[in-house]
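What you see below is based on every heavy atom in this structure, not just the backbone, and it leaves out hydrogens, waters and symmetry mates. Just so it is clear, the model here is predicted, and its values are computed rather than measured. Below, read A as the first sequence line, B as the second, and so on, with proteins coming before strands; counting in each chain starts at 1.
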Amino acid sequence: MAIPITVRVQAEPFDTAAETAKLTAGRTDVGAVVTFEGLCRSEDGTLAALELEHYPGMAEAEIARVAEEASRRWPVLGLAAIHRYGKIAPGAPIVLVIATSPHRRAAFEAAEFLMDFLKTRAPFWKKEHRRDGTEGGWVDAREADDAAAARWGVTSG
Amino acid sequence: MKIRYFAWVRERVGKPEEEIALPAEVTTAGELVRWLKTRGEEYDYAFERPEVIRVAIDQMHVTADTPLGDAREVALFPPMTGG
């Protein structure tokens, strides 16, 4: 049976409680909800904002492919993945992942898998804007992220 | 063929996209990157390290040896840093 999968790419902030409620309201089969939010760090106060560029269309499609893969691997009951683009201030949320399942392990693992693959496969790029007015440049991809994705037994592409 | 550039590849090339008629000998994603590199200073700068450039054909990730076929849109970009 197909499970509810929400995938959105948007400039606006997301409402974590509302997204969680969509996956749990009226259901009695959900025993575990894992929610992950990624926030913009200030990098010791030097960062004014992160600017997130994305590839419209492909970003949504790639996150959806990752979510569908997660739903095949774990007995999850629902998944949500929402990623923002545009200028994001320190402290503000960038990404939300929710996984629901009957038991906690599948929810934890599916959420982690979603994040690992979203970071290495979804076409988003971060550019730093510094508080001193200089351009901080583009954030480099981290080998640690590729390694995190690789441990799930699929190449990160 | 529509070619799209993202992030620092876009900044270095100096435009987000362009229509390009490819020479017949350019048949794979890897050959496209190497050929683009020869098109001028800004392209040489954007593709100075061809091995780090990611390619998507019609919005699907591909490897360097993937044939371009009758692709409508090919995108070139740095490794992703979302999340």
### Task
To the nearest 0.5 angstrom, please state how far the CH2 atom of A/Trp125 sits from the CZ atom of B/Phe77.
5.0 Å
### Message
Please find the pair of heavy atoms, one from A/His54 and one from B/Phe6, that lie closest to each other, and give the distance.
### Response
O-CE2, 3.6 Å
### Message
Contact between A/Met58 and B/Glu73 at the side-chain level, heavy atoms closer than 4.5 Å - yes or no?
### Response
no
### Message
On a heavy-atom basis, which atom in A/Pro56 and which in B/Gln59 lie closest, and how many Å separate them?
### Response
O-NE2, 3.6 Å
### Query
Is the number of heavy atoms from other residues, nucleotides or ligands under 6.0 Å of B/Tyr45 OH greater than 12?
no
### Query
Hey, quick one: are A/Leu39 and A/Leu47 part of the same hydrophobic cluster, counting side-chain heavy atoms closer than 4.5 Å, chains of contacts allowed?
no
#### Entry: Distance, nearest 0.5 Å, that separates OG1 of B/Thr81 from CD of A/Glu53
9.5 Å
### Contact origin within A/Arg65 toward chain B - heavy atom pairs under 4.5 Å
side chain
### Query
Would you say A/Lys126's side chain and B/Gly83's backbone share a donor-acceptor pair under 3.5 angstrom?
yes
### Task
Report yes or no: do A/Ile3 and A/Leu96 belong to one cluster of Ile/Leu/Val/Met/Phe/Trp/Tyr joined by side chain heavy-atom distances under 4.5 Å?
no
### Proximity breakdown for A/Glu51 and chain B, heavy-atom pairs closer than 4.5 Å
neither
### Task
Spell out, yes or no, whether A/Ile5 and A/Val97 are grouped together once hydrophobic residues are joined by side-chain heavy atoms under 4.5 Å, including indirect joins.
yes
### Query
Is A/Val33 reachable from A/Phe113 through a run of hydrophobic residues whose side-chain heavy atoms are each under 4.5 Å from the next?
no
### Task
Tell me, for A/Ala122 versus chain B, whether the close heavy atoms (under 4.5 Å) come from the side chain, the backbone, both or neither.
backbone
### Query
Do B/Pro78 and A/Trp138 come close enough that some side-chain heavy atom pair is under 4.5 Å?
no
### Query
Under 6.0 Å from the CD atom of A/Glu143, do we count more than 12 heavy atoms belonging to anything else shown?
no
### Query
Would you say A/Phe124 and B/Met60 are hydrophobically clustered, going by side-chain heavy atoms of ILVMFWY under 4.5 Å?
no
### Task
Side chain from CB out, backbone as N, CA, C, O: work out which of these in A/Asp116 comes under 4.5 Å of a heavy atom of chain B, or both, or neither.
neither
### Task
Step through the shown structure and confirm whether more than 12 heavy atoms of other residues, nucleotides or ligands are within 6.0 Å of CZ on B/Arg49.
no
### Query
Which value, rounded to the nearest 0.5 Å, describes the distance between A/Arg121 atom CZ and B/Arg54 atom CZ?
9.0 Å
